[in-house]
Amino acid sequence: MGNKQTIFTAEQLDAYQVGSLCFVINTSSLFILIQKLFYRYRDLAPQLVPLDYTNHPDVKLPYELIGSMPELKDNPFRQRIAEVFSEDGEGNMTLDDFLDMFSVLSEMAPRDLKAYYAFKIYDFNSDDFICKSDLEKTLNKLTRNELTDDEVRMVCEKVIDEADLDNDGRLSLEDFQHMIVRAPEFLSRRKPNNITYILIWF
Amino acid sequence: MDDGDNKKKKTNGRGAPGKGGGRARGRRTSPVSEDEDDEEDTPPRPRRAGERRRAARKEGDEDEDDNKASKKKRGGAANRRRGGDGEGGDGKKGRKGRGKKGGKGGKGEEKGDSTGKEKDKDEDKDKKKKKGSSSDSNSGSEEEDSMSEGEMARLMEEVEEKKKLIATMRNKPWRMKRRLVLLKDAQQFVDKFEGALGKGKGRKWFAYKVMMTKKWIKFQRDFDNFKTSCIPWERKIKEVESHFGSSVASYFIFLRWMYGMNLVLFGFTFGLVVIPEVLMGLPYGSIPRKTVPRPEQDTAQDYSVLMDFNGYCKYSVLFYGYYNDQRTIGLLKFRLPLSYLLVGIGNFGYSLMLVIRTMAKNADVGGGDGDESEFTFAWKMFTSWDYLIGNAETADNKYASITTSFKESIVDEQENQKDENIHLRRFLRVLANFMITCSLGGSGYLIYFVVKRSQEFANRDDLSWYEKNELEIIMSLLGLVCPPLFETIAELEDYHPRIALKWQLGRIFALFLGNLYTFLFALFDEVNSKLEEEQDIKNNSIWIMKEYYANFSRLTNDTEATPPPMNPADVIRGPCWETAVGIEFVKLTVSDIQVTYLTILIGDFARAMIVRFLNYCWCWDLEAGFPSYGEFDISGNVLGLVFNQGMIWMGAFYAPGLVGINVLRLLSSMYYQCWAVMATNVPHERVFKASKSNNFYMGLLLLVLFLSLLPVVYTIMSLPPSFDCGPFSGRLKMFDVIMETIDLDLPAFMGTLFSYAANPGLIIPAVLLMVLAIYYLNAVSEAYKNSNNELKKKMQLARDEEKNRRNNTDSTNQVMKDLEDLLPNRSFIPPPPPPPPKAEKPQPEAKPTKTKPGSAAKGVKVQKDVALASPNPNARGPVSQAPTPRAGPRPGRGAPAN
């Protein structure tokens with residue numbers, strides 16, 4: 001698989017290690033991990049991504065490719081995920097964004113970080129608040145529009161009623177975190193029927 | 001002093017955010033001794049009351065601090081902005097600034113701790129000045145004459161800061177690019193100066209720790225998955241649950257539980273009774289009880305006969321009569337009769353224990369219907385999607401299950417919100433109960449009447465077909481008509497479907513008890529007649545046997561020669577009522593299986609087929625209109641299962657094979673019903689959440705267990721066993737086997753021991769003791785329940801209060817926040833020194849409260865407590881510093897004493 005100098009410089013690797021993927025400690029496994037990730041990234045579009053990253057090429061993969069990854073393609077929020085993690089906000093990802101996304105979605109990522117990104121994912125209109133329309137969108141994505149309008153409205157009202165601490169009719173990040181860190185499933189995704197992992201390299 | 005601090009901040013180019021940064025600094029204790037894994041051990045820091053949760057977990061703690069730091073860095077904005085855009089340079093600067101200042105602050109505090117006597121005095125003055133205000137008292141502790149300290153400490157602190165930044169960078173919601181820039185910067189700094197300081201050894205250990213944690217988590221997850229994949233049918237049940245809701249799934253979970261229990265019963269029965277008999281007992285045809293009698297031999301293999309469990313079936317290990325009464329069999333001297341009795345009793349014991357244990361466990365789980373959590377809907381909304389799902393089928397199921405669970409919660413919620421005319425509803429409920437009681441009473445009387453009549457009919461010969469089968473017809477008619485009737489009446493009550501299901505179950509259960517009653521009644525009649533018949537045959541067969549021998553000796557004229565034994569097929573034998581009872585139960589079970597499966601096939605499958613395919617050429621919409629698809633009948637299925645289990649318990653003693661049949665039934669039923677429900681049924685109109693504990697099912701099961709225990713124990717204890725079949729033949733009572741074992745096999749003193757134990761003088765006190773124990777435990781559990789409720793109420797109250805406070809008092813909230821920010825600091829800074837010398841001698845106790853009168857939080861309380869405990873002013877101080885009282889930590893105290 002070539003040696004690491006062909007893709008990254010040692011400094012780059014080191015930077016990635018502490019920068020995001022610091023769950024992997026020794027350099028050899030870090031190298032393997034980043035290489036794996038890199039090839040995942042590159043396999044999405046071999047013609048676009050160069051094999052040499054030492055001089056920081058400016059490459060972006062379009063959302064269509066990112067969203068078709070097996071980890072994301074069945075996720076109702078895949079578009080939002082891509083948008084949130086991409087720098088341009090449109091779902092087009094550089095390698096850095098890509099690494100970013102996986103490091104946040106990895107199981108070792110700290111809870112607050114996850115909560116922060118979860119908030120952003122659910123905040124569809126990016127106004128830093130989860131308002132009713134965001135909730136409705138979320139709900140409709142989760143249930144594939146199978147609830148009636150009344151039910152959707154009721155559920156959204158209930159959610160705001162439960163989680164909105166400052167009574168401004170929408171959820172701020174604080175409200176969201178306050179609520180989400182109490183959820184039993186938030187961090188430990190060990191539900192019985194999950195045999196598949198999003199993080200296949202771990 | 002405060003001014004000075006601020007000035008310094010300004011010179012550092014930071015301005016407003018200095019307050020937060022300063023605080024963060026002030027808390028850094030003895031930075032020199034800390035390694036870079038200090039991020040794991042940072043002392044708890046003060047938090048803004050409203051803005052942050054108090055993290056319980058270390059990890060949370062760690063990154064919380066970081067987030068906080070980053071927040072402060074951004075000028076204390078109330079809401080954390082997205083980390084990314086356009087803040088890169090700024091943030092970097094902030095970081096740097098913070099790092100530098102951190103160095104100073106930390107050092108300053110160190111100094112304060114160790115040497116700053118006068119400084120503390122000053123600080124105290126300062127405090128007094130600003131008494132009651134919400135400004136940053138902590139700044140006092142940062143009183144800086146840091147310039148006098150060498151560059152070394154500052155550098156060290158800075159390096160620490162940078163390293164910390166590096167180590168915690170992954171926790172920050174920044175873009176990768178920005179991280180990299182920051183990182184490069186920080187790392188360069190560290191590289192440059194670290195060498196000079198000769199540090200960085202803890203890295204390996206930290207790395208090792210993190211790696212091990214990761215491995216451990218992964219292992220745990222794998223193990224969990226492994227455990228889950230070991231639970232049989234988990235996937236199937238989840239699938240059903242995702243489409244039909246937890247109420248339907250609860251039936252399947254119950255079914256699975258039953259299967260598990262029956263598997264154990266099967267293990268006992270087959271391992272200790274059936275297999276030893278097959279392996280070590282006499283083979284078929286060796287003795288009369290193991291041979292088909294000659295008159296039956298012609299038809300013994302006919303299908304119809306076998307289907308009635310006669311012929312070869314009757315004389316097989318499946319039934320009681322086949323077993324021999326030899327005390328021991330085989331080389332191992334296996335005591336089969338004893339084992340038979342003990343297994344029979346043990347089955348009941350095990351079932352009782354299991355049912356009760358499960359009930360207790362369920363009650364422990366919560367038992368409450370519906371969850372009373374704060375965030376039902378919010379959690380459902382934000383955490384129900386599983387981000388690990390990577391295949392389309394699973395995703396489909398997940399969508400379905402999320403929708404279902406939302407619907408369940410909506411139903412619950414609607415029920416909560418409903419408040420119409422309560423009087424009308426009460427009236428309707430009373431009316432409904434009245435009607436149902438009437439119909440139950442009516443059907444009870446009907447059954448009683450029919451049973452009476454059938455007893456009359458039993459003595460007559462000229463019966464029409466109807467009269468012969470009247471009982472069965474009436475029973476099945478009742479079973480057919482009543483449940484839907486009850487359901488219709490229950491509409492009146494307008495209960496939540498979950499509660500309605502319980503009522504429905506209870507009512508149909510009461511109806512079915514009639515069934516059970518008639519069945520047992522008929523059975524005991526039969527047994528009694530068999531017993532009489534047996535008496536005749538017993539005498540008869542002895543006579544025949546004598547005659548046989550007499551004939552033999554007469555024919556051979558040789559009294560010495562022993563006659564060849566009679567052909568076992570020719571021996572006259574009794575009716576063997578135990579086998580008859582066993583056959584009855586087996587037949588009942590088998591017919592029950594047939595009926596259930598046929599009902600599913602016709603009632604659900606055929607109906608679904610018709611509705612589906614005839615819909616293309618029909619004049620109205622079959623799917624939406626009249627026949628529609630069937631719903632899964634939870635109550636009927638649960639009760640079917642419960643009563644079937646009752647049959648098994650009653651019959652297992654007389655037909656050991658019945659347990660095996662039942663295991664097969666449950667196994668096939670699992671697959672068959674899962675398929676049927678997925679293929680042919682539609683979800684209930686109002687999908688509702690099952691109560692978390694299905695203790696109601698368990699309760700029914702317990703009742704049935706008790707009811708089926710009675711007749712079996714009665715027969716074991718009071719009826720004489722048949723004289724020529726079964727393991728207890730030749731004994732007066734079945735339990736004589738135990739006496740026999742005690743007498744013959746156990747040492748003599750055991751026998752006396754048992755006779756003592758059976759003494760009424762011992763038994764009565766024992767019973768009394770048990771009653772007392774029950775009473776005591778009951779009282780205790782009652783008390784616990786009360787206190788539990790009380791706590792729940794308090795929690796609810798506290799929650800409401802908190803919410804109210806957050807909602808209403810935004811302005812006071814600010815003050816409170818600041819106060820709370822200040823207070824916890826006190827455990828890390830030197831205790832507030834006494835006011836200038838004059839205030840010192842007279843009233844040391846009153847001081848601590850005075851130092852901070854405006855604050856009502858715990859920091860003060862701690863001090864007060866300590867003060868009360870030790871009137872000596874010199875002994876006062878925060879608890880954290882108690883261990884080294886005379887040294888540096890309390891210079892403020894030391895000064896006046898000197």
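Since the structure is predicted, the reported quantities are computational estimates derived from the model, not experimental observations. Labels below follow one simple rule: chain letters A, B, ... track the order of the sequence lines, proteins then strands, and each chain is numbered from 1.
Within the 4.5 angstrom heavy-atom criterion, no atom of Phe119(A) approaches chain B. When heavy atoms are compared at a cutoff of 4.5 Å, Leu171(A) approaches chain B solely by way of its side chain, counted from C-beta outward. For Leu142(A), the parts lying near chain B are the backbone and the side chain together; criterion is any non-hydrogen pair under 4.5 Å.
Lys141(A) approaches Tyr399(B) most closely through the heavy-atom pair O-CE2, 3.3 Å. Closest of all the heavy-atom pairs between Met381(B) and Cys156(A) is CE-SG, 4.5 Å. Between Ala378(B) and Glu162(A) the shortest heavy-atom distance is N-OE1, 2.9 Å. Closest heavy-atom contact between Thr143(A) and Ile402(B): CG2-CG2, 4.2 Å. Here the closest heavy-atom approach between residue Val155(A) and residue Phe406(B) is recorded as CG1-CE2, 3.6 Å.
Panel note: side chain Glu151(A), backbone Lys407(B); no donor-acceptor pair is recorded below 3.5 Å.
In this structure the side chain of Val159(A) reaches within 4.5 angstrom of the side chain of Phe382(B), judged on heavy atoms.
Comparing Thr404(B), Ile231(B), Asp396(B) by heavy-atom pairs within less than 4.5 Å of chain A, the highest count is held by Asp396(B). Ranked by non-hydrogen atom pairs under 4.5 Å with chain B, the options Leu147(A), Leu135(A), Thr138(A) are led by Leu135(A).
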